[in-house]
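Because the structure is predicted, anything quoted here is derived from the model rather than measured. What you see below is based on every heavy atom in this structure, not just the backbone, and it leaves out hydrogens, waters and symmetry mates. First listed ligand is number 1; within each ligand, the first listed atom is number 1.
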Amino acid sequence: MTTRRVITDGDRGEEHNMGGEVWILGGSGRSGQAIAAQLARRGVAPVLVGRHAERLAAAAARAGGARTVVAGSAEAMAGEIRRQGPAVVVNTVGPFTATAPTVTRACLAVGDYVDLANDVAAVTGVLGLHEAASAAGRRLVTGAGFGVTATESVVVKLCAGRPAPVRVRVDMVPSIAVAAGHIGEALAATLVEGIPGVEGGRRYGGRRYRDGRLAPAPIGGEPAHLVLPDGERVTTASLPSGELVAAQRASGAPDVVAASSEAPASPLMRVVLPAATALLASARIRDFARRRLARVQVKAHPQPRPHSWGHARLEWADGTVEEGWLRVGEAQEFTGAVPAEVVRRLLSGEGRPGAYTPAALFGPSLAEACGGTYLPVTTRTAP
Ligand SMILES: NC(=O)c1ccc[n+]([C@@H]2O[C@H](COP(=O)([O-])OP(=O)(O)OC[C@H]3O[C@@H](n4cnc5c(N)ncnc54)[C@H](OP(=O)(O)O)[C@@H]3O)[C@@H](O)[C@H]2O)c1
């Protein structure tokens with residue numbers, strides 16, 4: 001049963017649902033369970049929402065006997081949200097371009113919204129609801145996973161009180177421990193459908209910002225060879241992702257690239273990829289790729305390096321260059337912690353109404369509250 005206490009903040013005339021339920025959509029999934037565990041550490045008992053009663057019941061038992069709500073689709077989940085009025089909904093059901101519009105519409109009527117979106121179209125779509133969320137007094141937080149939060153947090157920290165830089169590059173270097181199992185529908189669909197789908201270039205092509213606008217960029221392009229603060233070397237290359245949008249908004253820079261150690265950076269892949277992604281223009285091939293990918297069985301393997309990293313390099317008009325790093329542990333664990341910490345802060349009435357990425361709403365301290373550590377910033381002048 002929902003126990004909802006609505007308080008009014010007299011100063012801002014805003015309403016917050018305090019003490020109401022926190023729902024995790026996709027509560028039986030990998031991310032859903034990681035978020036439930038992190039919420040429990042913060043004293044919040046979530047309600048697990050999903051489409052399979054048995055899988056949900058097993059997940060609920062692991063989460064110490066959580067309440068469950070069975071709903072077979074995003075539309076059914078939205079119906080239950082409207083009917084039962086949770087205070088905060090955490091959406092882990094990708095592809096978010098498909099589920100976020102339906103779920104956010106329901107949330108605007110009853111409470112706050114958090115998701116794990118990490119693709120340009122889904123993140124942009126939620127951020128586009130800023131006016132509607134402000135008018136409704138709701139807080140929508142998109143991109144609350146490792147990639148957006150780890151990179152955006154460094155940019156927010158380096159830009160505080162400064163004019164906008166002219167150039168920004170963010171790099172995410174996740175270290176993920178993989179459990180044996182299927183890739184699954186949500187992740188497979190997000191991988192296939194998550195390539196831009198926004199203006200500024202081909203439907204299944206890469207993006208960067210040029211002159212303040214989204215522009216074409218090769219997936220796997222602009223490789224950089226980074227030496228991590230612990231001495232390990234990695235190569236990152238451009239990948240169109242939510243990080244790109246978050247870094248541009250946090251910095252105001254006209255020229256922005258988002259890169260990842262997970263991007264295919266080899267010269268061969270850079271030749272093969274444009275042809276491979278062109279094939280995705282066919283709905284039949286996309287459908288086939290989704291179904292095949294969802295069934296792929298992955299073997300368990302330990303995290304490849306002790307830490308995951310968010311990195312940002314910012315360049316200002318006077319030639320000043322600053323580089324910052326955020327060190328976190330295993331990336332999926334951080335992806336569990338970020339939504340949980342966002343929920344904790346929302347339940348305490350922190351954050352203003354509107355639509356935001358996590359560090360844009362809660363600042364660089366959010367990543368620290370999730371176990372992240374900022375390393376000392378290096379400053380130099382560009383030659
Ligand atoms: N931003 C980030 O850093 C980050 C990190 C990790 C994951 N993600 C994203 O989060 C999403 C979930 O990833 P995951 O690894 O947790 O996947 P997962 O383990 O497959 O979990 C997905 C959950 O969603 C449910 N689901 C899938 N399709 C559904 C549908 N059509 N209707 C209702 N429920 C559905 C699944 O239910 P069943 O159990 O019934 O299949 C499962 O509970 C993916 O889109 C992924 O890209 C983002």
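For the side chain to side chain contact (heavy atoms under 4.5 Å, CB included) with Val141, the qualifying choice from Val343, Asp115, Val342, Val126 is Val342, the only one to do so.
The residues Asp112 and Arg138 are annotated as not salt-bridged, no charged nitrogen and carboxylate oxygen being separated by less than 4.0 angstrom. Under a 4.0 Å N-O distance rule, the pair Arg313/Glu315 qualifies as a salt bridge.
Ligand 1 places these atoms under 4.0 Å from at least one heavy atom of Ser28: 39 (O), 43 (O). Of all atoms in ligand 1, listed by their number and element, those nearer than 4.0 Å to a heavy atom of Ser31 are 6 (C), 7 (C), 13 (O), 14 (P), 15 (O), 16 (O). Near His52, with a cut-off below 4.0 Å to any heavy atom, the atoms of ligand 1 are 40 (O). Ligand 1 places these atoms under 4.0 Å from at least one heavy atom of Thr92: 10 (O), 11 (C), 12 (C). The Gly29 neighbourhood of ligand 1 comprises atoms 19 (O), 21 (O), 42 (C), 43 (O), with distances under 4.0 Å to a heavy atom of that residue. Taking every heavy atom of Asn118 and a limit of under 4.0 angstrom, the matching atoms of ligand 1 come to 1 (N). Listed by number with element, the atoms of ligand 1 under 4.0 Å from a non-hydrogen atom of Phe146 are 3 (O).
Counted within 6.0 Å of CZ on Arg42, heavy atoms from surrounding residues, nucleotides or ligands total more than 12; the atom is thus considered enclosed. Shown here is Arg82, whose CZ atom has more than 12 heavy atoms of other residues, nucleotides or ligands within 6.0 Å.
Counting heavy atoms under 4.0 Å from ligand 1, residue Arg30 touches it through both backbone and side chain.
Between Arg51 and ligand 1, at least one pair of N/O atoms sits closer than 3.5 Å. Taking only nitrogen or oxygen atoms, main chain and side chain alike, Ala71 does not reach within less than 3.5 Å of ligand 1.
The aromatic rings of His130 and Tyr356 sit perpendicular to each other, their planes meeting at more than 60°, with 30° as the lower class boundary.
Not close to ligand 1: Gly50, with no non-hydrogen atom less than 4.0 angstrom away.
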